[in-house]
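Keep in mind that the numbers below use all heavy atoms, side chains included, and drop hydrogens, waters and symmetry copies. Within every chain, numbering begins at 1; the chains are lettered A, B, ... in the order of the sequence lines, protein sequences first and strands thereafter.
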Protein chains: 2
Amino acid sequence: MNNANNALTEAVYYILLSLIEPKHGYGIMQQTASLSGGRLRLSAGTLYGALVSLQEKGWIEPLGEEGRKKEYRLTDNGRSVLIAEVERLEELVKNGKELLNH
Amino acid sequence: MNNANNALTEAVYYILLSLIEPKHGYGIMQQTASLSGGRLRLSAGTLYGALVSLQEKGWIEPLGEEGRKKEYRLTDNGRSVLIAEVERLEELVKNGKELLNH
DNA sequence: TCCGTTATATCGGTTGCCGATACAAATGTA
DNA sequence: TACATTTGTATCGGCAACCGATATAACGGA
């Protein structure tokens, strides 16, 4: 337990964003690369490890399997976390712009 | 070396922002708590560990000591990193807002 | 005098990302 | 048909970073 560090990692942030629309693991990789303009490419280790831990936290849930594909989607809980994260990021941007333009 | 993960941690981000104006370690703690509305309180372990690694990266530099206080300031290199980070954060916010409001 | 704040520093534990590796089905191409 | 690439999921070891706890000590106010 720490003081208040609710910060999501960039990987987790994009995984959660991707799962607003149900999607399977490989689809998350593709959407993340696309959303970030090719900048962020999730490694398999990051992605599949995160899918396990995010289920344990109750932020995403499995939807079933279609052939080889395992689909997941964001839970209501996960959506709340995402909304809070966007607010945190907006705080960072606001502070950054203020201090950089002295 | 990884694909393109230039993401700063929240702690490092606020430390760099604080050092736009020269400041000593404890002053960074105070400004960070203030800027984040009390949300983020850097632990001593995080702060002093980061001050060492940020010097090694050349993003901050020591200015000298005033009694017990050791002052640091952002380098030009550190400033560039900060500017890039604000741009990255803006991308995250933009994507988050777009996808959350489907 | 005593206590809270200021101030710097180290240590061990935990978490999380990464690259590498593995395996295999599906698709595209020569 | 044969081969290469893409799609798809999964595990492992290593490394970096944050955290809380702990240590030490000067300073200021009640």
*Between D/dT9, C/dT10, C/dC17, spot the one nearest the side chain of A/Met29, thanks.*
D/dT9
_B/Asn95 and A/Tyr14 side chains, donor-acceptor separation under 3.5 Å_ = yes
*asked:* Check A/Glu90 with A/Lys94, please: is the shortest side-chain N to carboxylate O separation under 4.0 Å?
replied: no
*asked:* Is there a side-chain contact between A/Thr9 and A/Thr46 in this structure, where contact means two heavy atoms from C-beta onward sitting under 4.5 Å apart?
replied: no
*Can we say A/Glu91 and A/Arg88 salt-bridge, meaning some charged N sits less than 4.0 Å from an Asp/Glu carboxylate O?*
no
*asked:* Measure OH/A/Tyr14 against C1'/C/dC18 and give the value in whole Å, please.
replied: 19 Å
*Starting from the 5' end of DNA chain C, give me the residue, B/Gly27 or B/Gly45, whose nearest nucleotide shows up first.*
B/Gly27
*Could you work out which one of D/dA26, C/dA9, D/dT7 sits closest to the side chain of A/Tyr26?*
D/dT7
*How many Å lie between CZ on A/Arg41 and P on C/dC17, as a whole number?*
18 Å
*Between C/dT6, D/dA10, C/dT8, which nucleotide has the shortest distance from any of its atoms to the side chain of A/Tyr72?*
D/dA10
*Could you check how far CG of B/Leu42 sits from C1' of D/dG20, rounded to whole Å?*
14 Å
*What is the distance from NZ of A/Lys69 to C1' of D/dT7, rounded to the nearest Å?*
8 Å
*Would you kindly give the NE2-to-C1' distance between B/His24 and D/dA26, to the nearest whole Å?*
13 Å
*Report yes if a side-chain nitrogen or oxygen of B/Lys23 is closer than 4.0 Å to either non-bridging phosphate oxygen (OP1 or OP2) of C/dA7; otherwise report no.*
no
*Rounded to whole angstroms, how far apart are CD on A/Glu65 and P on D/dT9?*
9 Å
_Pairwise 5' ranking along DNA chain C for B/Leu51 and A/Gly49, keeping only the more 5' one_ = B/Leu51
_Options C/dA25, D/dT9, C/dT8, nucleotide nearest the side-chain atoms of B/Tyr48_ = C/dT8
*B/Lys57 side chain N/O closer than 4.0 Å to the phosphate oxygens (OP1, OP2) of D/dA17?*
yes
*asked:* Testing the basics here: between B/Ala33 and B/Arg41, what is the closest heavy-atom pair and its distance to 0.1 Å?
replied: CB-NH1, 3.9 Å
*asked:* I want to verify a distance call: between D/dT11, C/dT8, D/dG8, whose nearest atom is closest to the A/Ala44 side chain?
replied: D/dT11
*Specify the separation, in whole Å, of atom CG of A/Leu47 and atom P of C/dG19.*
14 Å
*May I ask you to evaluate whether B/Lys70 reaches the phosphate of C/dT8, defined as a side-chain N or O under 4.0 Å from OP1 or OP2?*
no
*Grab the OH-P distance between A/Tyr13 and C/dC17 for me, whole Å please.*
15 Å
*asked:* Using OP1 and OP2 only, check whether a side-chain N or O of A/Gln30 sits under 4.0 Å from D/dT6.
replied: no
*Which of these nucleotides, D/dA26, D/dC19, D/dT7, is closest to any side-chain atom of A/Arg68?*
D/dT7
*Below 4.0 Å: OP1/OP2 of D/dC19 and any side-chain N or O of B/Thr46*: yes
*CD of A/Glu21: more than 12 outside heavy atoms within 6.0 angstrom?*
no
